[in-house]
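First up is the structure itself, then whatever we jot down about it.
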Amino acid sequence: MAATLAGVPIEADILIDWFDEHGRDLPWRHPECTPWGVLVSEIMLQQTPVARVQPVWLEWLDRWPRPSSLASASQGEVLRAWGKLGYPRRALRLHAAASAIATEHGDRVPDDVDTLLALPGIGAYTARAVAAFAYGKRAPVVDTNVRRVVARAVHGAGDAGPASNTRDMADVEALLPSSDTPAARFSAAIMELGALVCTARSPRCADCPLTGLCAWQRAGKPAYSGPAKPVQKFAGTDRQVRGLLLDVLRNTSGPVAKTALDAVWSKSGQRDRCLHSLLEDGLVEQTTDGHFALPGEH
DNA sequence: CAACCGTGGCC
DNA sequence: TGGCCAAGGTT
């Protein structure tokens with residue numbers, strides 16, 4: 001079934017040629033972008049769209065051009081600069097990763113997957129994305145875009161089922177060109193195809209370079225028939241409340257009294273639970289006089 | 001493996 | 001309007 005795409009060099013070239021012509025001009029793809037810049041982009045892009053990441057990324061690289069410069073900032077400064085990208089624990093983990101890189105790796109982002117995996121906030125996807133995009137290495141880079149393209153083009157399914165790291169990486173491994181540079185370009189290309197053409201909602205099959213090779217296309221584009229994808233609620237959840245609490249601290253220069261935090265959510269039980277969880281996560285600190293502040297800002 | 005962790009835009 | 005979706009990771 002995967003035989004149509006098993007002739008790797010041809011399909012890889014098709015995708016790479018398409019990417020050369022249609023890939024977006026993103027700052028972290030510029031030749032002068034450092035591995036550190038690539039790492040910062042990958043962390044910011046975890047579950048956050050490119051359009052919101054780009055301006056923040058530019059500020060960060062200007063302000064903290066090396067891991068050691070970010071490591072020198074306080075956690076509060078980092079959380080403020082993170083702004084509303086979401087999932088602020090990513091900012092803290094990136095700060096911690098920067099410290100480890102500065103002190104244990106000579107201020108140079110590691111280039112091998114296993115070393116990258118040992119850093120906070122870097123998982124299976126990000127480690128391989130950095131190896132591929134920052135260092136031009138051959139590694140199966142599997143994100144939501146790649147999983148969708150493989151599900152369709154290779155397996156003929158309408159969409160990817162539940163993620164299975166081992167299986168998904170094996171699928172991509174089988175498509176990857178054998179040498180480093182083409183493999184890294186292929187990884188960027190297939191991800192970009194999923195982002196721009198083979199999209200989740202209304203894929204633009206008419207613009208797809210794989211039309212004719214795509215198993216889903218040849219099967220008549222059957223609808224997705226796998227298990228229903230879990231829907232993440234947001235309104236009313238702790239995630240919303242934590243976000244509201246943190247937003248107060250981001251928008252205030254110094255420590256705030258608890259009454260200021262009490263104003264953002266009416267349910268006191270949930271409010272307090274969320275404040276405690278933020279304290280436990282190190283996203284908020286309490287001052288000696290009982291006020292609350294971003295970590296390291298008092 | 002499932003649940004949890006922010007935020008905003010789109011159809 | 002509200003569910004879906006967005007370059008995941010950790011527990």
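This structure is a prediction, so every number in the text was calculated from the model and none was measured.
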Quiz item: Atom CZ of A:F19 and atom P of C:dA7: how far apart are they, to the nearest Å?
Solution: 14 Å
Quiz prompt | Whole-Å distance separating the CD atom of A:E192 from the C1' atom of C:dA7 | solution = 10 Å
Quiz prompt | Nucleotide C:dG9, atom C1' - distance to CZ of A:R90 in whole Å | solution = 10 Å
Practice problem: Could you state whether A:L39 and A:W82 fall into the same hydrophobic cluster, counting links through intermediate Ile, Leu, Val, Met, Phe, Trp or Tyr residues with side-chain heavy atoms under 4.5 angstrom apart? | Solution: yes
Self-check item: Modelled atom types, side-chain donor and acceptor of A:D207 and A:H22, under 3.5 Å
Solution: no
Self-check item: Value in whole Å for how far the C1' atom of C:dC4 lies from CG of A:N145
Solution: 15 Å
Quiz prompt | From A:R218 atom CZ to A:L213 atom CG, the distance as rounded to the nearest 0.5 Å | solution = 8.0 Å
Quiz prompt | No-H, no-angle donor-acceptor pair, A:R93 side chain to C:dT10 base, under 3.5 Å | solution = no
Quiz prompt | Sidechain-backbone polar pair: A:T126 side chain, A:I43 backbone, donor-acceptor under 3.5 Å | solution = no
Exercise. With a 4.0 Å heavy-atom cut-off, tell me which residues in residues 220-251 of chain A come close to DNA chain C, sorted by residue number.
Key: A:V231, A:K233
Self-check item: Gap in Å between the two C1' atoms, one belonging to B:dC1 and one to C:dA6, rounded
Solution: 23 Å
Self-check item: A:R148 side-chain proximity, nearest of C:dA7, C:dG9, C:dA6
Solution: C:dA6
Quiz item: Looking for any heavy atom pair under 4.0 Å, which part of the strands does A:G123 touch: base, sugar-phosphate only, or nothing?
Solution: sugar-phosphate
Quiz item: Hey, what do you get for CD (A:Q270) to CG (A:D272), rounding to the nearest 0.5 Å?
Solution: 10.5 Å
Practice problem: Would you mind classifying the nucleic acid contact of A:W28 as base, sugar-phosphate or nothing, using non-hydrogen atoms under 4.0 angstrom? | Solution: base
Self-check item: Any A:T48 side-chain nitrogen or oxygen under 4.0 Å from OP1 or OP2 of C:dA7
Solution: no
Exercise. Provide the distance between the two P atoms, one in C:dC4 and one in B:dA3, to the nearest whole Å.
Key: 16 Å
Practice problem: Grab the OH-P distance between A:Y87 and C:dT11 for me, whole Å please. | Solution: 15 Å
Quiz item: Which whole number of Å gives the distance between the P atom of B:dC4 and that of C:dA7?
Solution: 23 Å
Quiz prompt | Atom pair distance, as rounded to whole Å: CG in A:L45 and C1' in C:dG9 | solution = 15 Å
Quiz item: Using a cut-off of less than 4.0 Å, is there contact between a side-chain N or O of A:Q47 and OP1 or OP2 of C:dA6?
Solution: no
Quiz item: In Å and rounded to the nearest 0.5 Å, what is the CD to CD distance from A:E297 to A:E285?
Solution: 9.5 Å
Quiz item: On a whole-Å scale, what distance lies between the P atoms belonging to B:dG6 and C:dT11?
Solution: 14 Å
Exercise. Would you check if the side chain of A:H95 reaches a backbone N or O of A:A73 as a donor-acceptor pair within less than 3.5 Å?
Key: yes
Quiz item: Which is true for A:A163 with a 4.0 Å heavy-atom rule: it touches a base, it touches only sugar-phosphate, or it touches nothing?
Solution: nothing
Quiz item: Nearest to the side chain of A:R201 - C:dC4, C:dG8, C:dA6?
Solution: C:dC4
Quiz item: What is the nucleic acid contact for A:A129, judged by heavy atoms within less than 4.0 Å: base, sugar-phosphate only, or nothing?
Solution: nothing
Practice problem: Any chance you could measure A:F19, atom CZ, to A:L193, atom CG, to the nearest 0.5 Å? | Solution: 11.0 Å
Exercise. Would you indicate what A:L92 reaches in the nucleic acid, counting non-hydrogen atoms under 4.0 angstrom: base, sugar-phosphate, or nothing?
Key: nothing
Practice problem: Looking at every strand, decide which applies to A:P88 at a 4.0 Å heavy-atom threshold: base, sugar-phosphate, or nothing. | Solution: sugar-phosphate
Quiz item: Nearest nucleotide by nearest heavy atom, which residue falls closer to the 5' end of DNA chain C, A:T126 or A:T199?
Solution: A:T199
Self-check item: Between C:dA7 (P) and A:R29 (CZ): distance, integer Å
Solution: 11 Å
Self-check item: Sugar-phosphate only, base, or nothing, as touched by A:R128 at under 4.0 Å among non-hydrogen atoms
Solution: nothing
Quiz item: Is a donor-acceptor contact shorter than 3.5 angstrom present between the side chain of A:T144 and the base of C:dG8?
Solution: no
Quiz item: Over how many whole Å does the gap from A:R52 atom CZ to C:dA7 atom P extend?
Solution: 12 Å
Exercise. Return the 5'-most residue of the pair A:E42, A:L119 with respect to DNA chain C, ranking by each residue's nearest nucleotide.
Key: A:E42
Exercise. Any chance you could measure A:D17, atom CG, to A:R185, atom CZ, to the nearest 0.5 Å?
Key: 9.5 Å
